[in-house]
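Step one of this worksheet: look at the structure below.
Positions are given from 1, in the same order as the sequence printed here.
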Amino acid sequence: MGVETIKLTPDQYNECRKALWGKLPAYLKAEGELIGKNRLRCFRCSSEVEFKGDFWQCGECGAVGEPVTAAAALHPELDDFDRFRYVFGLLGLPFPFLRTVEAEELMDMDFPVRHSLVEGLLGQGVYLLAGAAKIGKSWLALDLADHVSRGEPFWGRRVEQGAVLYLSLEDTYERLQSRLCRVADASPGPVVFCTDCARAGEGLEEQLRRQAEDRPELRLIIVDTLQKVRRTSTENYSYSADYEVISAFKRLADEKGLTVLIVHHTRKEEAGDAMNMVSGTMGLNGAADGTLVLWKPARVGSGAFLQVTGRDLPDQRLRLELDRETMRWRFLGAEEEADGPADDPLLLRLLAFVREEGDFEGTASELLARLGLEGELSPVGFSRRLRPLAAALEDRGAALRFSRGSKARLLTLRRMG
């Protein structure tokens, strides 16, 4: 079960229906479904139906409905809550309810595992790659795109292979060809380039959504640079404006399970904290899932640092060096790594088990027995402890899945690769 299956209560459902009663013409007009004045096409048999204000009834198949049932036919992928919220929003009406979930129910929910695109560096979501002008941000982004497209390890880190869309908005195709020939192997993977697109809030989100739908293998979108896709109405960006432009990309990334890497600039003045070097307000960092700041202690020279901070990542400072021949950044080591939370002992125990014992399929009680933990955790408590560990296990090479058998819920733990 996931959050998307949460329903309205019967009282809430009826209250929403009453609020929408009589608004069928306005709703169908907003959806573009009217085929004439007070006429629609039946959503069950496609016959033309005439309606009078409050509801519609098909004379051919007997189907009846109102805004809610029309929305259910047009948007079967939405549950009751999202369907009502969508219709209210389309009609410009305030939606009166919050989507809530009980703590007990939340602990038993199953969610898709959020894969790491580059282990310990980029997950699903939106990330900023910031650096001074001409420091080599675009070279780093292009090298990353090449590795992801071919599924090759990046700086020794595991990479999830997938297609890449690179919006290189400050370049020409001629310059991109020259750069690609230096960075990529003779046969690059599925990377597509674009040098012109709409701006955020003016059509870009729809362009990217269509790309993701047309290319289900898409895993990474690189936007180079943020300034090229911002609206041009003002030069002075507020916290709310910065937060919203990143949030628009985040909604797309979360909806499609993508990673969006946005190349941006740093301030001219130095800052004690690398995150404060990012140009703009803290709304950019606040909305992003992670920030990578590329900076050099001295402008002259090939050495640099990459400061990495993210919601689901340990703080890291990586030492890099630019190879002037290939224009690739080489990883030299971790200069400094902030203390993060220690690995969960249960995570380590599961990893040791799958390495030594191999794959497992069975109930929580059976896995507890195999691990020697029968007296320490109940089967229910054990299952609840396991769910948040699924992504970390997958990053370490073990897949954990939950399923329902004929008599009990089952756990599957197996080695990957």
Hey, what do you get for [atom1] ([X]) to [atom2] ([Y]), rounding to the nearest 0.5 Å?
X: Lys250; Y: Ile262; atom1: NZ; atom2: CD1; result: 11.0 Å
X: Leu368; Y: Ser378; atom1: CG; atom2: OG; result: 8.0 Å
X: Cys181; Y: Leu176; atom1: SG; atom2: CG; result: 10.5 Å
X: Tyr86; Y: Leu74; atom1: OH; atom2: CG; result: 7.5 Å
X: Arg414; Y: Leu393; atom1: CZ; atom2: CG; result: 12.0 Å
X: Phe95; Y: Arg85; atom1: CZ; atom2: CZ; result: 7.0 Å

Looking at [Y] and [X], is there a salt bridge between them, counting it only when a charged N and a carboxylate O are closer than 4.0 Å?
X: Glu205; Y: Arg199; result: no
X: Arg150; Y: Asp146; result: yes
X: Arg251; Y: Glu244; result: yes
X: Arg385; Y: Asp344; result: yes
X: Arg230; Y: Asp242; result: yes
X: Arg219; Y: Glu160; result: yes
X: Glu394; Y: Arg401; result: yes
X: Arg182; Y: Asp323; result: no

Using modelled atom types only, decide if a donor and an acceptor are shared between the side chain of [X] and the backbone of [Y] within a distance under 3.5 Å.
X: Asp359; Y: Arg415; value: yes
X: Glu357; Y: Ala352; value: no
X: Ser149; Y: Val191; value: no
X: Thr266; Y: Ala132; value: yes
X: His264; Y: Ser279; value: yes
X: Glu366; Y: Thr363; value: yes

Discussion item. Looking only at the side chains, is there a donor atom on one of Glu31 and Tyr27 sitting less than 3.5 Å from an acceptor on the other?
Written reply: yes
Please report the closest heavy-atom contact between [X] and [Y], naming both atoms and the distance.
X: Cys16; Y: Phe97; value: SG-CE1, 3.6 Å
X: Ser365; Y: Pro379; value: OG-CG, 3.2 Å
X: Leu410; Y: Glu361; value: CD1-OE2, 4.1 Å
X: Val260; Y: Ala253; value: CG2-CB, 4.0 Å
X: Tyr173; Y: Phe193; value: OH-O, 3.7 Å
X: Pro67; Y: Leu20; value: CG-O, 3.6 Å

Worksheet item: Step by step, would you call Phe305 with Leu320 a side-chain contact (heavy atoms from CB on, under 4.5 Å)?
Response: CA-CA 6 Å; Phe305 295 101; Leu320 307 177; over 6 Å; no
In the structure I gave you, are the side-chain heavy atoms of [X] and [Y] within less than 4.5 Å of one another anywhere?
X: Asn276; Y: Met282; answer: yes
X: Leu306; Y: Trp329; answer: no
X: Leu117; Y: Tyr127; answer: no
X: Thr281; Y: Tyr243; answer: no
X: Glu213; Y: Lys256; answer: yes
X: Val245; Y: Leu284; answer: yes
X: Met109; Y: Val101; answer: yes
X: Ile221; Y: Leu261; answer: no

Worksheet entry | Test: Arg328 cationic atom under 6.0 Å from Trp139 six-membered ring centre, within 45° of axis | no
Discussion item. Given the ring of Phe402, does Arg387 sit roughly above its face, with NZ or CZ under 6.0 Å from the centre of the six-membered ring and within 45° of the axis?
Written reply: yes
Discussion item. Run the side-chain contact (heavy atoms from CB on, under 4.5 Å) test on Ser383 and Arg409 for me, step by step, so that the C-alpha distance in whole Å, both residues' side-chain angles and the decisive distance to 0.1 Å come before the verdict.
Written reply: CA-CA 10 Å; Ser383 295; Arg409 287 185 60 90; over 6 Å; no
Practice prompt. Would you please test Asp224 and Tyr166 for side-chain hydrogen bond (donor to acceptor under 3.5 Å, both in side chains) and show each step?
Written response: CA-CA 8 Å; Asp224 189 358; Tyr166 195 130; 2.9 Å; yes
Within a reach of under 6.0 Å around [atom1] of [X], are more than 12 heavy atoms found that belong to other residues, nucleotides or ligands?
X: Arg311; atom1: CZ; value: yes
X: Glu217; atom1: CD; value: yes
X: Glu255; atom1: CD; value: yes

Item to complete: Report the C-alpha distance between Leu371 and Arg349 in whole Å, list the side-chain angles of each, state the deciding distance to 0.1 Å, and finish with yes or no for side-chain contact (heavy atoms from CB on, under 4.5 Å).
Response: CA-CA 8 Å; Leu371 293 171; Arg349 199 154 186 169; 4.3 Å; yes
Item to complete: Check the pair Arg99, Asp79 against salt bridge (Lys or Arg N to Asp or Glu O under 4.0 Å), reporting the backbone distance first and the verdict last.
Response: CA-CA 12 Å; Arg99 180 188 287 277; Asp79 64 18; 3.7 Å; yes
Worksheet item: Run the ring pair (Phe, Tyr, Trp, His ring centres under 6.0 Å) check on Tyr13 and Phe84 step by step: do they pass?
Response: CA-CA 9 Å; Tyr13 187 93; Phe84 275 124; 5.2 Å; yes
Response to the item:
The single option from Thr309, Leu140, Leu122 that satisfies side-chain contact (heavy atoms from CB on, under 4.5 Å) with Leu292 is Leu122
Worksheet entry | Audit row: Met277, Arg267, side-chain contact (heavy atoms from CB on, under 4.5 Å) steps and yes/no | CA-CA 5 Å; Met277 295 167 61; Arg267 308 174 191 274; 5.6 Å; no
